[in-house]
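Counting starts at 1 for both ligands and their atoms, in listed order. Atom set for the values below is all heavy atoms of this structure, side chains included, hydrogens, waters and symmetry mates excluded.
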Amino acid sequence: MVEPSSTVQLWLWIGTIGMALGALAFLVMAAREKPGNRWFHTITFFVAGIATVAYLAMALKQGWFPIAREGQAMAEPFYWARYVDWFFTTPLLLLDLALLAGATKEAIVWLLGLDVMMIATGFFAGVTASDTRWIWFAVSCVIFVWMLWVLLAEVLKAAKQRPPEVRARFNQLAVLLAILWTIYPILWVLGTEGLGVIGIGGEVATFAIIDLIAKVGFGFLLLSNRKVLEAARPNMAA
Ligand code: RET
């Protein structure tokens, strides 16, 4: 019987508390803004809030089941709760970035649509015990590259029309996102879902750290300058 080790548990609790504190901070920051001026705060709050739910479930030893994968010595826990988290939160992170850039609705649909396809195919890769998982992995990677291309080609183009302070913040966040997000498929290959070079303890720890940077770190960077948010406010009804 596979049981999450104490290292795994420790990191899942670090993830839960980190996400909860992030969500709380974004909520407080939102409360200090006028209604209609809180688009980015609201989206970013839900990113951290949804991740808190997923991490809490995993810390409470839920949201997983053991899988004995082809090519690996023993069964390992498969944390499917991660994919539920990513399915909702990665589109929200991209929405933050796209609204900051002032991207067209069409570009936003492309970006988010490709992203949910990437996570859905990634889920099939994770849940498959046989070597067929590598087919799903490859499909997910192709969609990931496609999504990054939309980000570079369409969203970046829109960002170039923004005032300099918005453009500068967009560039920082886009670079952070592109680098951090690329670590996910690499960790997947090295971790228990892929080749099993890194054990479940190291995998859960690394995911917790990059998840916190990708959500809470990204959120603080986005929300830290009110002038930037003011200048980038989406033109939607309050
Ligand atoms: C998987 C495996 C299949 C191939 C690819 C992946 C990419 C995942 C990404 C996840 C990003 C998650 C974030 C979470 C924040 O907390 C599904 C690992 C390409 C890019 C940003």
Using distance only, find each side-chain donor-acceptor pair of residues 137-160 under 3.5 Å and give its atom names and separation, not counting sequence neighbours.
| from | atom 1 | to | atom 2 | distance (Å) |
| --- | --- | --- | --- | --- |
| Ser140 | OG | Met118 | O | 2.8 |

Residues 15-24, side-chain donor-acceptor partners within the protein, below 3.5 Å, at least two apart:
| from | atom 1 | to | atom 2 | distance (Å) |
| --- | --- | --- | --- | --- |
| Thr16 | OG1 | Leu12 | O | 2.7 |
| Thr16 | OG1 | Tyr55 | O | 3.2 |

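In this structure, Trp188 has its ring center under 6.0 Å from that of Trp134.
Sorted by first and then second residue, the salt bridge (Lys or Arg N to Asp or Glu O under 4.0 Å) pairs involving residues 126-151 (not counting sequence neighbours) are Asp131-Arg133.
Among Tyr184, Tyr79, Tyr83, the one residue that satisfies the ring-ring contact (aromatic ring centres under 6.0 Å, His included) test with Phe207 is Tyr184. Results of the side chain to side chain contact (heavy atoms under 4.5 Å, CB included) test with Trp110 over Leu112, Leu114, Ile108 single out Leu114 as the only residue that passes.
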For ligand 1, run through the N/O pairs with the protein that fall under 3.5 Å and put one pair on each line.
| from | atom 1 | to | atom 2 | distance (Å) |
| --- | --- | --- | --- | --- |
| ligand 1 | 16 (O) | Asp211 | OD1 | 3.1 |
| ligand 1 | 16 (O) | Lys215 | NZ | 2.3 |

